[in-house]
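One structure is given below, encoded as structure tokens.
Each ligand, and each atom within it, is numbered from 1 in the order the structure gives. Given the structure is predicted, the values throughout are model-derived calculations rather than measurements.
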Amino acid sequence: MPATCVIGLQWGDEAKGKLVDLLAPKHDVVVRYQGGANAGHTVVSGKEVYKLHHVPSGILAPQIQNVIAPGVVIEPNMLIQELTGLEARGISPRSNLKISERAHVVMPWHLLEDRAMNKTVVNGESIGTTNRGIGPCYRDKVGRTYAMRMADLVSPELPNRIEEIIRAKRTLLASLISSEELAELDPEKITAVCQRWAQSLGGMIGDTTYFLHDQLDAGKKLLMEGAQGSLLDIDHGTFPFVTSSNASGVGVCSGSGVPPRAIKRMIGVAKAYSTRVGGGPFPTELLDETGNKIREIGREYGTTTGRPRRCGWFDAVAVRYTARLSGADYLSLMMLDVLSHFEELKVCVAYEIDGERTDRLPCQPELMRRCKPVYETLPGWNQDVTSVRKLEDFPLKARQYMDRISELISVPLGVLSVGPDREQTIFLI
Ligand code: IMP
């Protein structure tokens, strides 16, 4: 049985973790295939809330195999903390987690480099990364010469490799980071740190690509868990204000090693409004009381960094683009409860750039910044929906809002979410 993918259609934080957690019991393997500790997935189980960064959201179910695939960049300290945190709560993540030896390692110099580069202004604004070393690690992966993979952590060549890279990094980073920070790059100390990582994680590091192929051959069901969102995709998002991986549906195959023909179902996830963290254009952003109201009701603060998220109306131009890009078969519309107490709601149906109307997302950031949203106004339902469990029980105005979004992006509704708990989910598929 082939794979189902859960893909964010906005700028991340679409509550994908909740959906993956709900779908996981119907699958044999859950696969994380891109991004790293920049992601923060919240999974709620009963009264327990779990915040995951690297670990796939299927980890709570012991019968499900979880895979961190080659496209992920791993910050071992954070991963070990995550595992220890789960263990402290009675879960045994080491028994059902495999980590690809091909996945790249976020090294201490990547963290220093990310922090230093984050002060740099690009197109008049800082990217505002999560400071988790993601960009510098992917940069070294593409550059190859100074890259470190999980396989290197468990190799007898480790001390030589660290020495070789640090020698080069000291020269390369001299103009970017302070002399105190450069002094932290001590080959012996860092080798010892890597050896501790290898000791803790070594038992889980190995092949995942043949493993996934074998699972497919054996008719097992795979669930592919996307991180971030399609508008943050390095090739297709709002560049340069994006992350460094293919966060849209196009990244599933390259990141996991699963072939395109194995993908059976793409579920695109979007909130009923928009949010964004970090810099970059955001045409429907609300810098007013309405934006604050969405932030407070939706508890829109970053899982990884705690930063307040920028909030705005649903942008159907952007989501129509990403739904096509990711090939969404169904829309999972999240956080509908947050919009319960508004007299009216707006949906962006087109942009106006210098007086010209368009329904396409421009490529250049300066054009994106000049996009004025053209809104369609819909009546709010002004009624609590947190206890709705069936489509028929939604207020009519809520049905109209959801149907209009589905129509604008040309994707049928598949899942509706009216709160953080598992039961607050309506499956139409
Ligand atoms: P980086 O991925 O840390 O390099 O950050 C690049 C951009 O992507 C910044 O604007 C971040 O705020 C954003 N970003 C990265 N990961 C996430 C995420 O999981 N959710 C939302 N935004 C993210």
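- Residue contacts with ligand 1 do not include R309, since none of its heavy atoms lies under 4.0 Å from the ligand.
- Looking at atom 5 (O) of ligand 1, its nearest protein heavy atom turns out to be T129 CA, 3.4 Å.
- No side-chain N or O of S340 forms a donor-acceptor pair with one of D384 less than 3.5 Å apart.
- For atom 10 (O) of ligand 1, the closest non-hydrogen atom on the protein side is V277 O, 3.1 Å.
- Distances from ligand 1 to the non-hydrogen atoms of A39 include at least one value under 4.0 Å.
- Within the listing of ligand 1, atoms 11 (C), 12 (O) sit less than 4.0 angstrom from a heavy atom of R307.
- Contact analysis leaves D114 out of contact with ligand 1, as no non-hydrogen atom separation drops below 4.0 angstrom.
- The distance criterion of under 3.5 Å between nitrogen or oxygen atoms is not met by I134 with respect to ligand 1.
- Closest to atom 17 (C) of ligand 1 by heavy atom, among R132, Q228, M117, R310, is Q228.
- One finds a salt bridge joining D13 and R309 here, because a Lys/Arg side-chain nitrogen approaches an Asp/Glu carboxylate oxygen to under 4.0 Å.
- For the pair K141 (side chain) and A103 (backbone), a donor-acceptor distance under 3.5 Å is absent.
- Between the side chains of E225 and H41, at least one donor-acceptor pair of N or O atoms lies under 3.5 Å.
- Among protein heavy atoms, the minimum distance from atom 9 (C) of ligand 1 is reached at G128 O, 3.3 Å.
- The shortest contact between atom 7 (C) of ligand 1 and any protein heavy atom is with V242 O, 3.7 Å.
- Within the structure, ligand 1 lacks F241 among the residues with a heavy atom less than 4.0 angstrom away.
- Judged by distance alone, the side chains of Y321 and D315 never bring a donor and an acceptor atom under 3.5 Å apart.
- Here the heavy atom of the protein found nearest to atom 19 (O) of ligand 1 is N38 O, 3.3 Å.
- Salt bridge absent: E181 and R115 never bring a charged side-chain N and a carboxylate O closer than 4.0 Å.
- Look at E164 and R161 and you find a salt bridge, because one of the NZ, NE, NH1 or NH2 atoms lies within 4.0 Å of a carboxylate O, short of that distance.
- Between the side chain of Q215 and the backbone N or O of L222 there is no donor-acceptor pair closer than 3.5 Å.
- In terms of protein heavy atoms, atom 13 (C) of ligand 1 is closest to L232 CD1, 3.9 Å.
- Distances below 4.0 Å separate heavy atoms of W11 from the following atoms of ligand 1: 21 (C), 22 (N).
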(message) Checking D140 against W109 for the side chain to side chain contact (heavy atoms under 4.5 Å, CB included) test, could you report, in this order, the C-alpha distance in whole Å, the side-chain angles of both residues, the deciding distance, and whether it holds?
(response) CA-CA 11 Å; D140 276 340; W109 45 85; 4.2 Å; yes

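- There is a side-chain donor-acceptor pair under 3.5 Å between N38 and Q228.
- Both the backbone and the side chain of T130 come within 4.0 Å of ligand 1, judged by heavy-atom distances.
- Interface atoms of ligand 1 facing G278, defined by a heavy-atom separation under 4.0 Å, are 10 (O), 12 (O).
- At least one N or O atom of D13 sits closer than 3.5 Å to an N or O atom of ligand 1.
- The shortest N/O to N/O separation between T243 and ligand 1 falls below 3.5 Å.
- Side-chain N/O atoms of D114 and N131 include no donor and acceptor closer than 3.5 Å.
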